[in-house]
Colleague: 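Pasting a structure here, questions to come.
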Amino acid sequence: MNDELLTTFDEHGKITGTAPRGDVHRLGLWHETFHCWLVSRDPGTGLSIWLQLRSGQKRDYAGLLDITAAGHLLSHETTKDGLRELEEELGITVPFTALHPLGIIPYTMDTAGFLDRERANVFLHETSLPLEAFHLQPEEVAGLVTARFDDFRSLWEGKRSSVRIRGFRVEGDSRITIDEEVGTGSFVPHEQSYYRKIIAGISATFA
């Protein structure tokens, strides 16, 4: 996987060439990713946001809550190719025309030995599928949960200390119910500005 070739960019978004994925992260080179956030509506609870629970096998941010489906765009791929992340990670097929684009959101995550500079092509998708319809890729995704969008927004605005998540995690052949309160420490540490842009995009698109 570290040998996958990614297109690299400068800080202004100009293409500078290609590099193996391992070098891209080691050197902190700007590269493209695909992010898709799922939302759903319920007559009783209103708008919900969907979150994946990253697999415990992941090298980075194992076991944390993250974007519903996301992945790197390889050097030969277009943004539309990012749809494979929904198929591979969640087991669902979504037409590109059903996505709501939020544009490119550049952001940085800096952890020990790992500098991730992404030009994230961000999309939203409203789903009416039940949790039972999702079939997770175990090496990537350990579970799938939803949270009330208003509570999620309040969490990242600093107006509440936790949000309730409901869904399931996979253990062997079993699905274990998740119903608990979590704080920001349970999420992948994307820049707070990134979360706020996602929240603003969802509010503008689905409010």
Side-chain angles (χ1 to χ4, degrees), residues 33-58 60-71 85-86 89-92 94 99-100 102 105 107-111 116 118 120 122-138 140-171 174-207:
T33 55
F34 172 90
H35 294 184
C36 187
W37 291 85
L38 266 59
V39 300
S40 60
R41 298 179 191 272
D42 182 271
T45 58
L47 191 66
S48 291
I49 188 168
W50 295 58
L51 305 158
Q52 72 160 255
L53 179 65
R54 290 171 66 87
S55 169
Q57 304 173 37
K58 297 286 288 183
D60 307 300
Y61 313 118
L64 294 182
L65 296 167
D66 202 2
I67 303 153
T68 327
E85 300 297 339
L86 291 162
E89 294 187 353
L90 306 180
I92 62 171
V94 176
L99 302 183
H100 300 271
L102 292 188
I105 301 179
Y107 74 97
T108 299
M109 287 196 296
D110 189 358
T111 57
D116 192 15
E118 295 190 14
V122 183
F123 296 87
L124 309 175
H125 174 62
E126 183 174 0
T127 183
S128 58
L129 294 173
L131 282 168
E132 294 75 22
F134 292 82
H135 301 281
L136 309 183
Q137 183 180 18
E140 296 286 336
V141 186
L144 191 63
V145 300
T146 65
R148 290 186 67 249
F149 175 67
D150 285 346
D151 294 342
F152 180 82
R153 177 172 52 198
S154 294
L155 177 70
W156 290 104
E157 289 176 346
K159 296 177 181 178
R160 59 185 299 149
S161 60
S162 65
V163 61
R164 192 171 188 179
I165 57 171
R166 294 183 174 92
F168 68 91
R169 69 178 186 274
V170 177
E171 293 185 4
S174 301
R175 290 191 173 194
I176 310 301
T177 298
I178 295 176
D179 187 347
E180 60 188 72
E181 294 277 334
V182 297
T184 56
S186 294
F187 290 79
V188 170
H190 300 292
E191 290 179 341
Q192 193 168 53
S193 61
Y194 170 81
Y195 280 114
R196 288 178 173 171
K197 288 175 181 175
I198 298 305
I199 289 166
I202 292 175
S203 297
T205 305
F206 300 108

Colleague: Which pair of non-hydrogen atoms, one from P189 and one from L64, has the smallest distance, and what is that distance?
Modeller: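 Smallest heavy-atom distance, with atoms named: CD-CD1, 4.4 Å.
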Colleague: Taking the side chain from R54 and the backbone from Y61, do they hold a donor-acceptor pair closer than 3.5 Å?
Modeller: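 Yes: the side chain of R54 pairs with the backbone of Y61.
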Colleague: Identify the heavy atoms of S55 and P138 that sit nearest to each other, and give their distance.
Modeller: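 Residues S55 and P138, closest heavy atoms: OG-O, 3.2 Å.
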Colleague: Roughly how far, to the nearest 0.5 Å, is CG of L99 from CD of E126?
Modeller: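 Taking CD in E126 and CG in L99, the distance rounds to 12.5 Å.
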Colleague: Are I202 and F149 side-chain neighbours, meaning at least one heavy-atom pair lies under 4.5 Å?
Modeller: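 A side-chain contact exists here, since the closest heavy-atom pair is under 4.5 Å.
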Colleague: Start with the C-alpha distance between E85 and C36, add both sets of side-chain angles, then the distance that settles side-chain contact (heavy atoms from CB on, under 4.5 Å), and finish with yes or no.
Modeller: CA-CA 9 Å; E85 300 297 339; C36 187; over 6 Å; no
Colleague: Test side-chain contact (heavy atoms from CB on, under 4.5 Å) on Y194 and H35 and set out the steps.
Modeller: CA-CA 12 Å; Y194 170 81; H35 294 184; 2.7 Å; yes
Colleague: Could you grab the distance from atom CZ of F152 to atom CD1 of I165, nearest 0.5 Å is fine?
Modeller: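 Between atom CZ of F152 and atom CD1 of I165 there are 11.5 Å.
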Colleague: Taking atom OG1 of T184 and atom CG of L65, what is their separation to the nearest 0.5 Å?
Modeller: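 Reported value, rounded in 0.5 Å steps: 11.0 Å.
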Colleague: To the nearest 0.5 Å, how far apart are CG in L38 and CG in L144?
Modeller: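 Nearest 0.5 Å value for the CG-CG distance: 8.0 Å.
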Colleague: How long is the span from the CG atom in D116 to the NE2 atom in H190, to the nearest 0.5 Å?
Modeller: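 Here the interatomic distance stands at 9.0 Å.
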Colleague: Which heavy atom of A69 sits nearest to which heavy atom of L86, and what is that distance?
Modeller: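 What the structure gives for the nearest pair is CB-CD2, 3.7 Å.
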Colleague: Before accepting this row, confirm whether a basic side-chain N of the pair R160/D151 lies closer than 4.0 Å to the acidic partner's carboxylate O.
Modeller: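 Counted as a salt bridge, because a side-chain N and a carboxylate O are separated by less than 4.0 Å.
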Colleague: Quick one: does S174's side chain have a donor or acceptor within less than 3.5 Å of a partner on I176's backbone?
Modeller: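 No, the answer is negative, given that no donor and acceptor are paired below the 3.5 Å cut-off.
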Colleague: Any idea which heavy atoms bring V122 and I198 closest together, and the distance?
Modeller: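 Shortest heavy-atom contact: CG1-CD1, 3.5 Å.
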Colleague: Is the shortest side-chain heavy-atom distance between R169 and V145 below 4.5 Å?
Modeller: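 The answer is no, as the side chains (C-beta and beyond) never meet within the 4.5 Å cut-off.
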Colleague: Identify the two heavy atoms, one from L131 and one from R175, that lie closest to each other, and give their separation to 0.1 Å.
Modeller: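 For L131 versus R175, the nearest heavy atoms are O-NH1, 3.3 Å.
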Colleague: Would you give me the side-chain donor-acceptor pairs under 3.5 Å for residues 46-53, sequence neighbours excluded?
Modeller:
residue, atom, partner, partner atom, Å
W50, NE1, S40, OG, 2.9
Q52, NE2, I67, O, 3.4
Q52, NE2, T68, O, 3.1
Q52, NE2, E89, OE1, 2.9

Colleague: So, taking the atom named CZ in R196 and the one named CD1 in I105, what distance separates them when rounded to the nearest 0.5 Å?
Modeller: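 So the CZ of R196 and the CD1 of I105 are separated by 14.0 Å.
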Colleague: Which pair of non-hydrogen atoms, one from V182 and one from S186, has the smallest distance, and what is that distance?
Modeller: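 Minimum heavy-atom contact is CB-OG, 3.6 Å.
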Colleague: On the 0 to 90° scale, with breaks at 30° and 60°, tag the W156-F187 ring pair as parallel, tilted or perpendicular.
Modeller: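 Because their plane-to-plane angle is over 60°, the rings of W156 and F187 count as perpendicular.
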Colleague: Please evaluate residues T108 and E191 with respect to the criterion side-chain contact (heavy atoms from CB on, under 4.5 Å), reporting the C-alpha separation (whole Å), side-chain torsions for both, the decisive distance (0.1 Å), and the verdict.
Modeller: CA-CA 7 Å; T108 299; E191 290 179 341; 3.8 Å; yes
Colleague: If you apply the rule side-chain contact (heavy atoms from CB on, under 4.5 Å), what do you find for D60 with M109, and how did you get there?
Modeller: CA-CA 11 Å; D60 307 300; M109 287 196 296; over 6 Å; no
